[in-house]
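One structure coming up, written as structure tokens, with questions to follow.
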Amino acid sequence: MYKENGQEIFVVDGHMHFWDANPENWRNEYGEGWIRCFYDFHTALSPEEYVWPFEKYCKYGEDTLINDLFAEGYVDVAILNSTYLYEFYKNGFNTHQQNNAIKAKYPDRFILCGSFDPRAEEAGLDAFRQMMEDYPIQGLKLYTAEWRDGSKGWRLNDPWAYKYFELAEEVGVKNIHVHKGPTVYPLNRDAFDVADVDYAATDFPNLNFIIEHIGLPRLDDFCWIATQEKNVYAGMSVAMAFIHSRPRYFAEIVANLLFWLGEDKMIFGSDYAIWTPKWLIEKFMALELPDDIKEEYGVDITPEAKRKILGENVAGLYGIDLPIHREKLSQDEIGVKLAAGA
Amino acid sequence: MRLSLPDTLDREIIFKRLEKVLDPELDESILKLGFVKSIEAESGHLTIELHLPTYWCAPNFSYMMAEDTRRELLTVEGLHDVTVRLKDHFAAQTIEASVNAGKSFSEAFPDETSENLCQLSDLFLRKGYIRRQERLLQNLKNAGLSFEEIALLRIGDLYFENESCRIRRNNGRICDVGDAEVARQYFQRRAEINLDCSPTAPLIIDLRGNEVTAEGLEEYLIRARTVRVALQANGSFCTAVLAARKGKN
């Protein structure tokens, strides 16, 4: 909850992780490479006082996460973006099984994402059904650039992917988060191309596609697609991080999203623990678009737009009733602690 | 940058060649971006050390820069051998060994990718064209030209004086439209991607070589603006990462 001038803003962190990148979990040099790459992003774009030592970054644990999100970071509900990467990490990076440990403890605080990989074909469909039965999965996080048995990626419009989307519709998962962002070593950048979103979004109009990291650096291609497809949303994590060291550039990104998609399609995300929500949200609430950008694009970011972006938009996609959910959160373990501390 | 060159080599030529080596995503020269760490030469053999923004810079783009650097420098008179070194890059060994032996990316990384580096480089050259054109368009607009007037301009209406770019307007008046470099870079890229650069050709053409009409220009510019912002994403990211790495070193 972000409070300002007597107003309470419900905050959903649309994209965050609870990862285990401890050296014991590295399967090979790629496991180390992956987390070092993340750490470079972390040190490059975080304000100095928010930079962690590498060791903590590899594995920060539950207490740190709860504190950074809910106690200090204004977050009410957080979306656990499960990422598997079994070819780099022995037990996976942050699988839905691992994530479910905190989801089970604080069920109203987290939205748990599962996943599928169409390259598992028929056998994967059964595993997908099983996952849906065994875990309280509310959304999916897809990683088209993930390595698997020599394959360096897949596309949302692969025939087998469509079978999984059909199954997702059947079992009632509506929200599909798709990673389309900067290349992370050692993944192939081709697999982050956004063109496949166009096909899937057209062919599955009842599913929502939240494009995480707004396709950066392919913002242009993303904007053309998102303008045409009603069910495509801008997941703003990674882009958010520019707000500190490149504020003008961030303002231009926001202006573009407002211009092409509008304030109802934009979704805040921190990408925790790459960055922490506290400073991102404080700076976002203080954001004003420079006059020349406002004039050039003919858009502005209003307090109402900020409220939507920080929580209301994605809460709507997940069918969260805000007054009811607020009430629930005030009574869970974290809510009680926060009230006692306040 | 550390420099150690014998007098027999022309420094200016070396820098000129390096100016031509671009980071394909950032569309700026590696020299300007500060990626060149050191240049040393002795009896016709030059060794150049590059420092890329991240240890994990995608191998294909790193490869492109290393390859272009070597190719450009080999054209310098007095050099018969060029060795490229990548400082602090995870794939430095593989890239160095292959680039310095004149091998292609797919020979160096047979398992890594199915990508064709030429196609990729072409895509960025074309996006870079739009970005450069957008800068020129903004300058024309800022100088007070209407879309109708811009659409009628031919390349020959533009000329350079000192470091400014000037335009002969249809009312006969001369108008200053900003830095000459902006137009020069635009024309340079326009030639590189084989678009018509003759004096009678329209000043603003799209990637297919078609004229953009006065009515179409506003939307064209709006889209070009978004392409520019998109291209700046990696630049903003990489320079931030590079700065952080330099701070740590």
Side-chain angles (χ1 to χ4, degrees), chain A residues 29-30 32-34 36-46 48 51 150-153 181-191 193 213-224 227 238-239 241-242 244-246 248-257 259-260 293 296-298, chain B residues 24-27 52-62 88-91 109-117 119-120 123-124 126-127 130-131 134 138 141-142 218-219 221-248:
Chain A
E29 75 269 29
Y30 297 130
E32 179 181 4
W34 178 270
R36 285 204 185 276
C37 186
F38 271 24
Y39 190 64
D40 275 347
F41 299 164
H42 169 71
T43 52
L45 295 176
S46 296
E48 221 179 309
V51 173
S151 149
K152 305 290 192 212
T183 315
V184 181
Y185 168 78
L187 303 176
N188 184 323
R189 58 180 308 113
D190 246 11
D193 185 18
H213 323 313
I214 52 174
L216 288 178
R218 299 180 182 79
L219 177 68
D220 47 345
D221 300 328
F222 167 73
C223 285
W224 319 150
T227 308
V238 174
F242 287 122
H244 167 63
S245 55
R246 299 282 186 283
R248 187 178 163 87
Y249 183 58
F250 179 72
E252 278 191 282
I253 292 181
V254 168
N256 267 283
L257 294 176
F259 179 86
W260 292 106
I293 291 182
E296 196 187 336
Y297 287 83
Chain B
E25 292 179 286
L26 312 188
D27 194 30
L52 301 179
T54 79
Y55 187 71
W56 311 109
C57 260
N60 45 9
F61 286 87
S62 313
D88 296 333
H89 190 276
F90 80 93
F109 292 90
D111 304 326
E112 196 84 356
T113 175
S114 53
E115 259 170 22
N116 177 335
L117 276 201
Q119 270 174 3
L120 192 65
L123 174 77
F124 278 92
R126 295 166 73 80
K127 283 201 180 194
I130 299 290
R131 179 185 180 171
E134 192 253 1
Q138 296 289 4
K141 238 181 83 190
N142 291 341
E218 184 168 12
E219 206 200 319
L221 186 58
I222 286 173
R223 286 181 163 262
R225 191 173 66 192
T226 300
V227 172
R228 191 243 310 151
V229 173
L231 276 177
Q232 281 171 322
N234 271 342
S236 305
F237 215 69
C238 285
T239 44
V241 173
L242 185 64
R245 277 186 92 193
K246 279 191 172 153
K248 268 185 272 175

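In the text below, chain A, chain B and the rest are named by the order of the sequence lines, each starting its count at 1.
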| query | Would you call B/Ile222 and A/Tyr297 a side-chain contact if the rule is heavy atoms closer than 4.5 Å? | reply | no
| task | Using a strict 4.0 Å threshold on nitrogen-to-oxygen distance, state whether B/Arg225 and A/Glu252 make a salt bridge. | result |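 Result for this pair is no, no salt bridge flagged.
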| Set of residues satisfying side-chain contact (heavy atoms from CB on, under 4.5 Å) with respect to A/His42, sequence neighbours excluded | A/Tyr39, A/Ser46, A/Val51, A/Trp52, A/Tyr57
| task | For the pair B/Arg131 and A/Asp220, find out whether any cationic side-chain nitrogen is under 4.0 Å from an anionic carboxylate oxygen. | result | no
| said: Quick one, B/Gln232 and A/Leu219 - any side-chain contact, counting heavy atoms below 4.5 Å? | reply: no
| task | Calculate, to the nearest 0.5 Å, the distance between atoms CG and CD belonging to B/Leu221 and A/Glu296 respectively. | result | 7.5 Å
| said: By the definition side chain to side chain contact (heavy atoms under 4.5 Å, CB included), identify the one residue from A/Trp224, A/Phe259, A/Phe222 that meets it with B/Thr226. | reply: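 The passing option is A/Trp224.
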| note | Bottom line for B/Arg223: the part with an atom under 4.5 Å from chain A's heavy atoms is both
